[in-house]
Peer 1: 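Can you keep this structure in mind? I'll have questions shortly.
Heavy atoms only: backbone and side chains are in, while hydrogens, waters and symmetry mates are out. On a predicted model such as this, the values are computed, not experimentally measured, just so you know. Chain A is the first sequence line, chain B the second, and so forth, proteins listed ahead of strands; every chain is numbered from 1.
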Amino acid sequence: MTAADAPSRYAFKDAETRWQAAWNDRGAFVAAEDRSRPKYYVLEMFPYPSGRIHMGHVRNYTMGDVVARYKRARGFNVLHPMGWDAFGMPAENAAMEKKVHPAEWTYANIDTMRRQLKMMGLSIDWDREIATCHPDYYRHEQKMFLDMLEAGLIYRREGWVNWDPVDNTVLANEQVIDGRGWRSGAVVEKRRLSQWFFRITAYAQELLDALDSLERWPEKVRLMQANWIGRSEGLRIAFEMEGRSDRLEVYTTRPDTIFGASFCGISPEHPLAAELAARDADLAAFIEECRRTGTSEAAIEQAEKVGRDTGLRVKHPFVPGKTLPVYVANFILMEYGTGAIFGCPAHDQRDLDFARKYALPVLPVVVPEGEDPAAFEVGTEAYTGPGRLANSEFLDGLAVDAAKAEIAGRIETAQSGRREVNFRLRDWGISRQRYWGCPIPVIHCEACGVVPVPAADLPVELPPDVTFDVPGNPLDRHPTWKHVDCPSCGKAARRETDTFDTFVDSSWYFARFCSPRADAPTDRNAVDYWLPVDQYIGGIEHAILHLLYSRFFTRAMKKTGHAGLDEPFAGLFTQGMICHETYRTEAGTWLEPTEVERADDGTWHRLGSGETIRVGRSEKMSKSKKNVIDPEDIINTYGADTARWFMLSDSPPERDMDWTEAGITGAWRFANRLWRLVATQASALPPRGTAPETDDASTALRRATHAAIKGVTGDLEAFHFNRAVARVHELVNTLSEASPGAALREGLEAVTLLVGPMMPHLAEELWSMLGAEGLVVEAPWPAADEALLVEESVKLAVQVRGKMRGTLEVARDAGQPEIEALALALPTVTAALGGDAVKKVIYVPNRIINIIH
RNA sequence: GCGGGCGUGGUGAAACUGGUAGACACGCCAGAUUUAGGUUCUGGUGGCGAAAGCCGUGGGGGUUCGAGUCCCUUCGCCCGCACCA
């Protein structure tokens, strides 16, 4: 073939469908347990079927696919499944807006997105596909709920909950961001409701401790979880109250500052506050006001610390005759500790702000080392640093930690308190007043109370005939669904109409993938074989919610016998977001990238009208700012391989990346360049298996090939995809300059295999053009010949007093005297020395020689 | 406020345990071939300078023969948590 009659471009459309069919025909990605090989479970966070895939999905699934294909080539038995996180609010919103049933909407979206993902050529075992909205999935979730309920991992109680007035549902603490619902953005209100809770706090310590064992998790995520769990060590102290027989219990992490206490504070939600308010209209009004201001971020931001003196006095435990006033204060949370504190203004900023407002005493009791206790004063800033105790009787002179221990001991001896560990983590409330979720399988009976649905009656299926014309939960107003007989006494009873938080669905799907058609939630053989997930990949936005819930749920599954491990994800990688420039008209209307163009002078204009456009900085792709690029358009225009290649190029995968037109066309050019290189050289190459030549040029070529194999292998292992891409570029540059021969064949075959996980269709195409047998997906990963990598000569840097003066091409591992002589003979070196005597020489073999004068 | 991360050419970024800063790519410049369309190929490209050379990894200081990398300090940007006692 000559260049003239060779097709000039890689026909990706034809090739991609052809190779996808070939993989499919061979069942190349179907996974089965095989104990003769090491297993490797690669999982990307499964998508919510919102409609169409977006670029974030493309990046996520490309990275996972690279890992899956690479590990497969390395001989691992790989599991790489895909499913749908299919329950959730958007389906109900669509039902309300477009009058389609949530199920219909969801399944249609799944069909679209499955088709789109298949266009990407992912090495997924589609036989294992699951959708959480399918009864075959959620019936098992219901079964586990019953088991966990029985095991004491779940309970029901009434409590203050976060109510989202837009989505008309309760939210977990983790789902309230800056006082607003994580989906709707509405300011969350406080309501009292009966709710089901997972007892995640029972595992608080364990979930915290085990973070240390997650070595292949990003440090950032582990820190975020540790902060969220929020362990604190302190002391619970019971103060005697004047004129009452009961005691006021407070929690503190600074018991050492007890002598600096000038008041006690209780939460507006504290039972004592309610009791006192019953006889005090002013206090009652204050409490009501606190409740209304609630938790909105604006309220908290500016909220002044305010309180009301209840008139109640507590006795200081160590100062006879001293009493402290008890205030109801708006900054004290009922949910944390005991809902009551003692205030030591000198050493706590909040207490100080409060004390200044109500003219309470401020007595420093911790003084920085070396300061005179008599002279040390606290102004507008509390002193929270280390130091020695003062004004504290028997604690005087002690360091903070010693003082804490001393006080704790005395309080415990006096039986007026005890050491206590507190966590910020709250139990996970999972009741949602929504239709499109997994029904909670319990029945409420007047006589028997809460009765679990018998396992034989599962699944509790969602009724299909529901309406969305009025707000609220359609299950609640369904004419028949909720009316059932009590399984226990047989009398008329009422079904629970709340459904699970959708995070329950995603807390175990990774386990279900191991045995997706099993009749029980899990097949223990399968989960014991496949779990844990060896490599999990997804967005950082799930650092707390999904990842913490899954860690808990896996433990709960272990306790109920559904799994046998504690930690579901051995390795975690969090990818960055896809960003794009934003475009606005002068009037402020957002425009899509396809609606604007850049003129030669660098200004931007609207297509058609020519209106001047303001280009905004690159931001996360989002529909509201219209800076989105549709993956399907890209795949149709450039092919899946080009899209994948660009996703892996340039930006490190954990960092945000910019989607640019130049970037995608650059990737497109490279794919063609590689294709053209093989297309033009293939026929000139010697047959496969011909021994490589041994002349200098061929040896150099082989060295480049094997260096690339070694480099790319290391880069893929370390998730350095952008460097792997750079190394492939380098190798292709080298191969492009070589003349045909066995060494070139070796190089082209190697580059084909190296590119395999990243551009799988193109790799197959090249492999077949090179006349190789079988498919790339079945070929083992190439091995680097270490012997070829050892170079006999090295380029050594020569410095004079640390300044670069030149380089020397010398024999590998040459001796210092020889190097020194050569270096001193360099004109640049003699010039720099200026005749001075050499005082010292530092020589690092094969690296550098530094001459000091 | 607390916790964490990041500042390197015009741009995205490389640089393993301190050892030739800017690999690779985009863009740009020059040339060649096609010149009906983002094609392909060759060379150049951190800054200043005619050159030798000097200066360069946010700023300042330090350790070291040698610092993008380690230490101190300061500025800027981003992310997470946020009245958690």
Peer 1: Does the side chain of A:K803 get closer than 4.0 angstrom to OP1 or OP2 of B:C55 through an N or O atom?
Peer 2: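 Looking at the OP1 and OP2 atoms of B:C55, one of them is under 4.0 Å from a side-chain N or O of A:K803.
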
Peer 1: A:W675 ring centre to A:R9 NZ or CZ under 6.0 Å, with the angle to the axis within 45°?
Peer 2: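 So A:R9 doesn't make the cation-pi contact.
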
Peer 1: Could you tell me which nucleotide pairs with B:A67 by Watson-Crick or G-U wobble geometry, both distances under 3.5 Å, or answer none if nothing does?
Peer 2: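 Looking at the geometry, B:A67 pairs with no nucleotide.
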
Peer 1: When you measure from the side chain of A:I332, which nucleotide among B:G53, B:A85, B:U40 comes out closest?
Peer 2: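 Side chain of A:I332 sits closest to B:A85.
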
Peer 1: Would A:R727 and A:D715 pass as an ion pair if we require N to O under 4.0 Å?
Peer 2: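 The answer is yes: the pair qualifies as a salt bridge.
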
Peer 1: If you take all heavy atoms of A:D351 and A:C344, which pair is closest and at what distance?
Peer 2: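 Closest pair (atom of A:D351, atom of A:C344, distance): OD2-N, 3.0 Å.
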
Peer 1: Of the nucleotides B:C81, B:C54, B:G38, which has the atom closest to the A:R805 side chain?
Peer 2: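 Shortest atom-to-atom distance from the side chain points to B:C54.
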
Peer 1: With a non-hydrogen cut-off below 4.0 angstrom, is A:L333 in contact with a base, only sugar-phosphate, or nothing?
Peer 2: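 Base contact.
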
Peer 1: With rounding to whole Å, what would you report as the distance between B:A67 and B:G19 at their P atoms?
Peer 2: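 So the two P atoms sit 11 Å from each other.
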
Peer 1: What is the distance, to the nearest angstrom, from the CG atom on A:N227 to the P atom on B:C81?
Peer 2: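 Interatomic distance, CG of A:N227 to P of B:C81: 10 Å.
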
Peer 1: Find the distance A:D658:CG to B:U11:P and express it as a whole number of Å.
Peer 2: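 It works out to 13 Å between those atoms.
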
Peer 1: Does a salt bridge link A:R419 with A:E233, judged by any charged N lying under 4.0 Å from a carboxylate O?
Peer 2: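 Salt bridge flag = no for A:E233 with A:R419.
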
Peer 1: Rounding to a whole Å, what distance do you find between A:D656:CG and B:C6:P?
Peer 2: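 Going from CG in A:D656 over to P in B:C6 covers 14 Å.
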
Peer 1: When rounded to the nearest Å, what value does the distance between P atoms of B:G5 and B:A85 take?
Peer 2: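 22 Å, rounded to whole Å.
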
Peer 1: OP1 or OP2 of B:G5 less than 4.0 angstrom from a side-chain nitrogen or oxygen of A:R655, does that happen here?
Peer 2: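 The answer is no; no side-chain N or O of A:R655 sits under 4.0 Å from OP1 or OP2.
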
Peer 1: From CD of A:E541 over to C1' of B:C79, roughly how many Å is that when rounded to an integer?
Peer 2: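 Whole-Å distance recorded here is 12 Å.
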
Peer 1: Let me know the distance between CD of A:E420 and P of B:A85, rounded to the nearest Å.
Peer 2: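 A:E420 atom CD is separated from B:A85 atom P by 12 Å.
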
Peer 1: Under 4.0 Å between a side-chain N/O of A:T665 and OP1 or OP2 of B:C26, yes or no?
Peer 2: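 Indeed not, no polar side-chain atom of A:T665 lies that close.
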
Peer 1: Salt-bridged, A:K795 to A:E809, with N to O below 4.0 Å?
Peer 2: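 A salt bridge is absent here (no side-chain N lies under 4.0 Å from a carboxylate O).
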
Peer 1: Using the 3.5 Å cut-off, write out each protein N or O paired with an N or O of nucleotides 16-25 of chain B and the distance between them.
Peer 2:
residue: B:C16; atom: N4; partner: A:R847; partner atom: NH2; Å: 2.4
residue: B:G19; atom: N2; partner: A:Q799; partner atom: OE1; Å: 3.4
residue: B:U20; atom: O4; partner: A:K795; partner atom: O; Å: 3.4
residue: B:A23; atom: O2'; partner: A:E730; partner atom: OE2; Å: 3.0
residue: B:C24; atom: O2'; partner: A:H729; partner atom: ND1; Å: 2.9
residue: B:A25; atom: OP1; partner: A:N733; partner atom: ND2; Å: 3.1

Peer 1: Return the nearest nucleotide to the side chain of A:K305; candidates are B:C83, B:A85, B:G80.
Peer 2: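 Nearest to the side chain of A:K305 among the choices is B:C83.
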
Peer 1: Answer yes or no: does a side-chain N or O of A:Y251 lie under 4.0 Å from OP1 or OP2 of B:A85?
Peer 2: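 No, A:Y251 has no side-chain N/O under 4.0 Å of OP1/OP2 on B:A85.
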
Peer 1: Suppose we define a pair by two distances each less than 3.5 Å, Watson-Crick or G-U wobble; what does B:C6 pair with here?
Peer 2: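 Partner of B:C6: B:G76.
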
Peer 1: Taking the side chain of A:S232 as heavy atoms from C-beta outward, which of B:G3, B:A14, B:A85 is closest to it?
Peer 2: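 Output: B:A85.
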
Peer 1: Tell me which nucleotide, if any, is Watson-Crick or G-U wobble paired with B:C16 when both distances must be under 3.5 Å.
Peer 2: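 Paired with B:C16, as far as the under-3.5 Å criterion goes, is no nucleotide at all.
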
Peer 1: Partner of B:A85 by Watson-Crick or G-U wobble geometry, both contacts under 3.5 Å, or none?
Peer 2: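 B:A85 is paired with nothing.
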
Peer 1: Given B:A85, B:G3, B:U40, which nucleotide is nearest the side-chain atoms of A:L223?
Peer 2: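 Among B:A85, B:G3, B:U40, the one nearest the side chain of A:L223 is B:G3.
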
Peer 1: Take atom C1' in B:U8 and the same atom in B:C24, then report the distance between them in whole Å.
Peer 2: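 16 Å, rounded to whole Å.
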
